[in-house]
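Everything numeric in this text was worked out from a predicted model, so none of it was measured.
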Amino acid sequence: MSERISSVETIDVRFPTSRHRDGSDAMNPFPDYSAAYLILRTSTGAEGHGLVFTVGRGTEIQVAAVQSLASMVVGQPVDEVLADPGALARRLVGDSQIRWLGPEKGVVHMAAGGLVNAVWDLAARRAGKPLWKLLADLTPEQIVAQVDFRYLRDALTEDEALDLLRAAEGGRASREQRLLAEGYPAYTTTPGWLGYDDEKLARLCREAVDDGYRLIKLKVGGNLADDVRRMGIARRAVGPDVRIAVDANQIWGVPEAIGWMRELTPFDPYWIEEPTSPDDVLGHAAVRKALAPVKVATGEHMHNAVMFKQLLQADAVDVVQIDACRVAGVNENLAILLLAAKFGVPVCPHAGGVGLCELVQHLAMFDFVALSGTTDDRAIEYVDHLHEHFADPVRVQRGRYLAPRVPGMSAQIVPAALTDYRFPDGPEWTTAPVVAGAPAA
């Protein structure tokens with residue numbers, strides 16, 4: 001009998017980051033970085049790993065969504081699935097009954113992405129390549145075949161996508177060597193969590209510069225006077241030549257975003273991230289027009305490629321921020337990368353969280369090698385949390401991501417972490433201390 005996908009195990013794993021306010025921002029004051037983690041197994045014992053990032057409560061809903069879609073994967077012939085992950089992605093996203101719960105957005109869309117990413121992890125392991133290399137070795141025709149263009153052709157056609165990829169073919173080998181030798185630029189959010197005190201903010205800003213980062217990011221939007229003070233501390237700590245981005249995490253309406261950011265412009269912010277509702281395309285356009293030359297960055301909460309298409313068509317974004325777990329996996333992120341290349345907008349992926357750094361680095365590195373061909377004004381977000389729980393953790397040196405060399409998508413969490421942080425019965429939760437001000441998980 002041919003090898004088939006035999007099971008999908010899904011685990012609710014949560015890390016109590018709220019205890020030290022790691023990850024805290026104006027919208028998420030006490031996040032517990034979490035994941036609906038899944039292990040796709042085949043009848044021969046091979047595995048593919050994936051996850052959907054969450055911030056605590058509700059992870060059980062995400063787990064249920066993955067489980068509801070798993071029946072569409074289990075039993076499928078492995079060779080057929082790996083030969084065309086795009087077909088599986090379209091089947092998961094397009095199921096006529098499950099789709100009603102989206103469509104193409106929210107919990108069910110993210111669940112589809114977790115399964116699609118696990119399939120790509122399995123494909124890369126089977127090929128003996130890290131995912132970025134597997135993708136970069138595909139022909140332009142093979143890449144385009146993985147993208148669903150149904151809702152995109154008014155902005156990007158198959159032929160235009162092929163032209164973009166073919167134009168980059170000539171330099172693939174040299175860029176791959178450069179990537180392996182130099183890595184990919186990173187920026188860090190580690191200093192900027194809203195729950196950190198002023199001393200910790202200043203110390204971490206100085207350490208970031210010493211570690212080679214040329215862009216740091218601060219959370220804003222809790223209190224204007226606090227933001228002015230914290231921006232001043234950060235600017236003094238890093239000096240005039242290091243870029244400081246700020247992130248409001250959707251806390252403002254459009255007029256408030258414009259007014260608040262004008263108070264921060266004396267500190268030369270590089271971009272304002274998620275200044276308002278992630279669904280408000282015209283609002284982002286208004287903020288961008290009012291605040292230029294401060295850039296507008298967004299994307300980590302964008303539902304799907306259609307939303308990115310509209311942002312780009314409306315001249316509403318300066319920096320596209322893809323997320324490995326928000327849309328429906330690798331295939332839809334390929335579509336977004338192609339859209340960004342068509343419109344000439346740089347991509348700076350959202351990361352941090354649980355496994356987001358590990359996963360999204362592969363997409364950015366593919367983009368550099370096989371599509372955009374540049375790292376100018378581009379960097380992958382880096383946060384120094386929770387990497388020790390991964391079998392193939394990210395490696396960042398002197399402000400640059402080193403290219404993964406282990407086969408797969410770097411998504412595998414080590415068994416001990418799954419045991420210790422399983423919710424609600426893992427020992428890290430059954431013996432958890434109470435955190436003042438933090439709601440119960």
Query raised in the report: Would a 4.5 Å heavy-atom cut-off, applied to side chains only, mark Leu224 and Val228 as touching?
Result: yes

Query - Ring centres under 6.0 angstrom apart (Trp132, Tyr184) - result: no

Report task. State whether the side chain of Gln321 and the backbone N or O of Thr298 hold a donor-acceptor pair below 3.5 Å, judged by distance alone. Result -> yes

Query raised in the report: Within the side chain of Ser34, is there an N or O that forms a donor-acceptor pair under 3.5 Å with the backbone of Asp32?
Result: yes

Query raised in the report: Can Asn117 and His49 be said to form a side-chain hydrogen bond (donor to acceptor under 3.5 Å, both in side chains), step by step?
Result: CA-CA 8 Å; Asn117 285 344; His49 298 257; over 6 Å; no

Query raised in the report: Looking at Leu218, Asp226, Asp268, Thr265, which hits side chain to side chain contact (heavy atoms under 4.5 Å, CB included) with Met231?
Result: Leu218

**Report entry** Distance in Å, Gln313 CD paired with Lys342 NZ, rounded so as to fall on 0.5 Å steps
**Finding:** 8.5 Å

Query raised in the report: Taking atom types as modelled, is there a side-chain donor on Thr374 or Ser372 under 3.5 Å from an acceptor on the other?
Result: no

Query - Closest non-hydrogen atom pair between Ala245 and Leu215, with its separation - result: N-CD1, 3.8 Å

Query raised in the report: Under 3.5 Å, is there a donor-acceptor pair between the His389 and Asp420 side chains?
Result: no

Query raised in the report: Mind checking whether Val220 and Asp247 have side chains closer than 4.5 Å, heavy atoms only?
Result: no

Query - Identified ring-ring contact (aromatic ring centres under 6.0 Å, His included) partner of Phe15 from the options Trp429, Tyr421, Phe423 - result: Tyr421

Query raised in the report: Is the closest side-chain donor-acceptor distance between Tyr187 and Lys217 under 3.5 Å?
Result: yes

Query - Tyr382 side chain reached by Asp384 side chain, heavy atoms, under 4.5 Å - result: yes

Query - Side-chain heavy atoms of Met261 within contact of Val246, under 4.5 Å - result: yes

Report summary line: Nearest heavy-atom approach of Leu402 to Met365 is O-CE, 4.0 Å

Query - Under 3.5 Å side-chain donor-acceptor pair for Thr189 and Glu381 - result: yes

Report summary line: Nearest heavy-atom approach of Ala379 to Ala186 is CB-C, 3.8 Å

Query raised in the report: Is the closest basic N to carboxylate O distance between Asp198 and Arg229 below 4.0 Å?
Result: yes

Query raised in the report: Any idea how Tyr33 and Phe53 line up, ring-wise: parallel (<30°), tilted (30 to 60°), or perpendicular (>60°)?
Result: perpendicular

Requested in this report: Apply side chain to side chain contact (heavy atoms under 4.5 Å, CB included) to the pair Val254 and Ile258, showing each step before the final yes or no.
Outcome: CA-CA 6 Å; Val254 172; Ile258 294 169; 4.1 Å; yes

Query raised in the report: Judged by modelled atom types alone, do His385 and Thr17 share a side-chain donor-acceptor pair under 3.5 Å?
Result: no

Query raised in the report: Do Asp323 and His350 have side-chain N/O donor and acceptor atoms under 3.5 Å apart?
Result: yes

Query - Exercise: identify the closest heavy-atom pair between Ala305 and Leu339 - result: O-CD1, 3.7 Å

Query raised in the report: Minimum heavy-atom separation for Leu115 to Leu69, with atom names?
Result: CD1-CB, 3.6 Å

Query raised in the report: After noting the C-alpha distance and the side-chain angles of Arg243 and Asp377, does the key distance pass the salt bridge (charged side-chain N to carboxylate O under 4.0 Å, His left out) rule?
Result: CA-CA 11 Å; Arg243 290 171 171 172; Asp377 291 329; 3.2 Å; yes

Query raised in the report: Just checking, is any N or O donor in the side chain of Glu104 or Asn304 under 3.5 Å from an acceptor N or O on the other one?
Result: no

Report task. Answer yes or no: is there an ion pair linking Asp211 with Arg398, defined by an N-O contact shorter than 4.0 Å? Result -> no

Requested in this report: Answer with yes or no whether the side chains of Trp260 and Asp227 bring together a donor and an acceptor at under 3.5 Å.
Outcome: yes

Report task. Start with the C-alpha gap between Phe366 and Lys133, add the side-chain angles, then the distance that decides, and say whether side chain to side chain contact (heavy atoms under 4.5 Å, CB included) holds. Result -> CA-CA 7 Å; Phe366 154 78; Lys133 172 66 171 167; over 6 Å; no

Query raised in the report: Going by an N to O cut-off under 4.0 Å, is there a salt bridge joining Arg91 and Asp95?
Result: no

Report task. Under the salt bridge (charged side-chain N to carboxylate O under 4.0 Å, His left out) rule, what do Glu428 and Arg14 come out as? Steps first, then yes or no, please. Result -> CA-CA 9 Å; Glu428 291 289 338; Arg14 308 187 192 186; over 6 Å; no

Report task. Would you check if there is a donor-acceptor pair between the side chains of Arg395 and Gln361 at a distance under 3.5 Å? Result -> no

Requested in this report: Inspect the contact between Glu300 and Arg326 and indicate whether a charged nitrogen and a carboxylate oxygen are less than 4.0 angstrom apart.
Outcome: no

Query raised in the report: Hey, mind stepping through Asp367 and Arg378 against salt bridge (charged side-chain N to carboxylate O under 4.0 Å, His left out) and telling me if it holds?
Result: CA-CA 11 Å; Asp367 177 65; Arg378 297 163 187 261; 3.3 Å; yes

Query raised in the report: Are Arg206 and Asp210 close enough, and set up right, to give a salt bridge (charged side-chain N to carboxylate O under 4.0 Å, His left out), and what steps lead you there?
Result: CA-CA 6 Å; Arg206 292 190 295 268; Asp210 291 342; over 6 Å; no

Query raised in the report: Can Leu165 and Val144 be said to form a side chain to side chain contact (heavy atoms under 4.5 Å, CB included), step by step?
Result: CA-CA 9 Å; Leu165 291 160; Val144 168; 3.7 Å; yes

